[in-house]
Amino acid sequence: MIKLKEKIEAGAVKALKELYALDVETVELQQTRKDFEGDLTIVVFPYLRASKKGPEQTANDLGEFLVGSIDEISTFNVVKGFLNLVISDAVWASQLAEIGNTPNYGIQPEGDETILVEYSSPNTNKPLHLGHVRNNLLGYSVAELLKAAGKKVKKVQIINDRGIHICKSMLAWQKFGEGETPQSSGMKGDKLVGKYYVEFDKAYKKEIEELISQGKEEKAAKDEAPMIVEARQMLKKWEDGDAEVVALWEKMNGWVYEGFEKTYKNLGVDFDKYYYESNTYLLGKKVVEEGLAKGVFEKDPDGSVWIDLTAEGLDRKILLRSDGTSVYMTQDIGTAIQRSEDFELDGMIYTVGNEQDYHFKVLFIIMEKLGYDWAKNLYHLSYGMVDLPSGKMKSREGTVVDADDLMQEMEDTAKAISEELGKTEGMTEDEKATLYHMVGMGALKYFMLKVDPKKRMMFNPEESVDFQGNTGPFIQYTHARIKSLLRRGNAEGIWPAEGTPKYTELQPSERELVKLLAQFPEIITTAADEHSPAVVANYVYEVVKAYNALYQQLPIMTDDNKEAIIFRLNLSSSTAEVVKTGMRILGIDVPERM
RNA sequence: GGUCGCGUAGCUCAGCUGGAUAGAGCAUCUGCCUUCUAAGCAGACGGUCCUAGGUUCGAAUCCUAGCGCGAUCACCA
């Protein structure tokens, strides 16, 4: 398809030159809109000056020239200034054959470029919630998308395992935990630690209130409450390497990691390498010292280190506190450099919420100033918040949608619907469980990935996620339906068939579908360039809709013409392949039956 | 206040590197299961593409200003 497009574009350039002595670099070809006859359209308005003729006449001239010089174009029609070219059915038929013969159709062979994709990167004091789900699905999917576009990809995350917030859960556990463990309580490790994080907050608040009632200012109360004072002492001990504190920290973090692993596995995401802030922040400090020596950064009289970005239209940003301790930015610098030492990377993608747009803008400038050649290929995959109908999610108000609960609910819904529709007859318990998980997760993932990453999105837990229309299950269902047909064709011994079927006059719905399938490789490339799984999601939906229209209109197994049956089964098979590949990029599995 | 992002049907969203009559799904209504899976298909209803200017043969799309929503401007992460 790309080749054909290029051929026609070249033909049009030549036509303009010969007809009107006009030199243009390229001629823009676009898909003909559905309401008009034709496949590809050239808009001739830009060439009227050179042709010195009206739009219709110009389009006619061009059309005749192209029909005469390019075999694949059978006819053309002109509507106002739009030249619609009709590609012959034989070309579409051979396109389909080519698609069917291409292994891994749509996937580009792996090139040399290596890209790191960072995603997830949670705090280790709270369980994962809806916002993390969006992050994980996006990050994973963009990684898959880049792979499909021929990049070498490494999936990584940075675990925020250092800082006062960790000490809060640790302290509360010490005080109130009475030795409770995931084993003794039966709680998932991350949930258990999260529980103590909340406990801390409760106790801390109570102390603040008491202090205020004793006449303290609110600010002083917050600063002097025994809980926070103790937490700070604990952080200090941790930084000094106090054996007892470090042991507790390791134990509780271990619980959290175990809990997270379960959630990741359920979500179907994975990582090639984990980074821990507790390991990289020191490297960051070192690099800042070096940058200081190079003159990239500057030191204030109090000893704090800054970068001045006023020339770039930004502010001055702190990199080291006056006491020499590191900040968020320092750690990110260290992490980035650590990664470039671990991998020969050409670029990096950070999947982080849009509240950190500014942070990454600054980080990227810093990396460039420090002189790393990969710095120009850093990209912040910035996504909008997930809102609930009640507004923002707030852990303090208990309006958080927990990731594990959410996934469970999706599976339960999938189960209820499947049973209601009576789709599970003759399936083993294992098969049913696999299907419910696949469909539930399909609904959730598609729901989150079909919208443009940078937009805020609404999630209404009351209404739950749809299973009809533009949804994951709808797409999965179509795939299962195709597979059922192919199984039947196979059982009847008519498919797969040798050679290309003698079927040259396509029905409109068939032509429509082949056209769509032919666009798949281009879609992958665009989606990867834009870092947008949504482009793939919406494309797959288009394909599936076109297939269902055909399925309803035309008999597939029961046509009188055997060649037509084979052609349609080939078409069905290629559709299933494209759907499967597209959905795989979204991290969604498709079932053989449902 | 400065900066960044978003604003399209009742709701959730496509379309945005300028092109023809602005598209889907949900919701509401009407048809289609004695023929391949009705989680489906066909149709109806539903729009000041936030507003005002500008550029252009042509603007939902680009530019400017304004309005609305959000984020961010910490020696927090």
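Chain letters run A, B, ... following the sequence lines, proteins first, then strands; residues in each count from 1.
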Lys/Arg cation over aromatic A/Y383: A/R134, 6.0 Å, 45° cone: no
Stacked pair A/F45-B/rG19, distance under 5.5 Å, angle under 30°: yes
Stacked pair A/F82-B/rG19, distance under 5.5 Å, angle under 30°: no
Taking only N and O in the side chain of [X], is any of them less than 4.0 Å away from OP1 or OP2 of [N]?
X	N	value
A/K545	B/rG40	no
A/R33	B/rG23	yes
A/K34	B/rU21	no

Integer-rounded Å distance: B/rA14 C1' and A/L516 CG: 15 Å
Distance in angstrom units between A/N470 CG and B/rA24 P, rounded: 12 Å
Residue pair A/D223, A/R232: steps toward the salt bridge (Lys or Arg N to Asp or Glu O under 4.0 Å) verdict: CA-CA 10 Å; A/D223 202 47; A/R232 267 191 228 117; 3.1 Å; yes
May I ask which nucleotide in the shown strands pairs with [N], Watson-Crick or G-U wobble, both distances under 3.5 Å?
N	value
B/rG40	B/rC32
B/rC62	B/rG54
B/rC16	none

Sugar-phosphate, base or nothing in reach of A/D452, heavy atoms under 4.0 Å: sugar-phosphate
Summary of protein contacts for nucleotides 29-37 of chain B, nucleotide by nucleotide, where a base hit scores B, a sugar-phosphate-only hit scores S (4.0 Å, heavy atoms): -------BB
Parallel, tilted or perpendicular: rings of A/Y503 and A/F567 (30°, 60°): tilted
Ring geometry between A/F45 and A/F82 (parallel below 30°, tilted from 30 to 60°, perpendicular above 60°): perpendicular
5'-most by nearest nucleotide on RNA chain B - A/R49 or A/S322: A/R49
As a test of reading the structure: which of [options] is closest to the side chain of [X], going by heavy atoms?
X	options	answer
A/Q468	B/rC41, B/rC13, B/rC26	B/rC26
A/K80	B/rG19, B/rA14, B/rU21	B/rU21
A/K454	B/rA24, B/rG19, B/rC6	B/rC6

N-glycosidic conformation, B/rC63 - syn within 90 degrees of 0, else anti: anti
A/E431/A/R593 under salt bridge (Lys or Arg N to Asp or Glu O under 4.0 Å): CA gap, chis, key distance, verdict: CA-CA 10 Å; A/E431 283 168 345; A/R593 55 187 93 212; over 6 Å; no
Do the side chain of [X] and the base of [N] come within less than 3.5 angstrom through a donor-acceptor pair of N or O atoms?
X	N	answer
A/T41	B/rA20	yes
A/N84	B/rA20	yes
A/S418	B/rA39	yes

Any side-chain heavy-atom pair of A/S573 and A/W495 under 4.5 Å: yes
A/T526 side chain to A/E522 backbone, donor-acceptor under 3.5 Å: yes
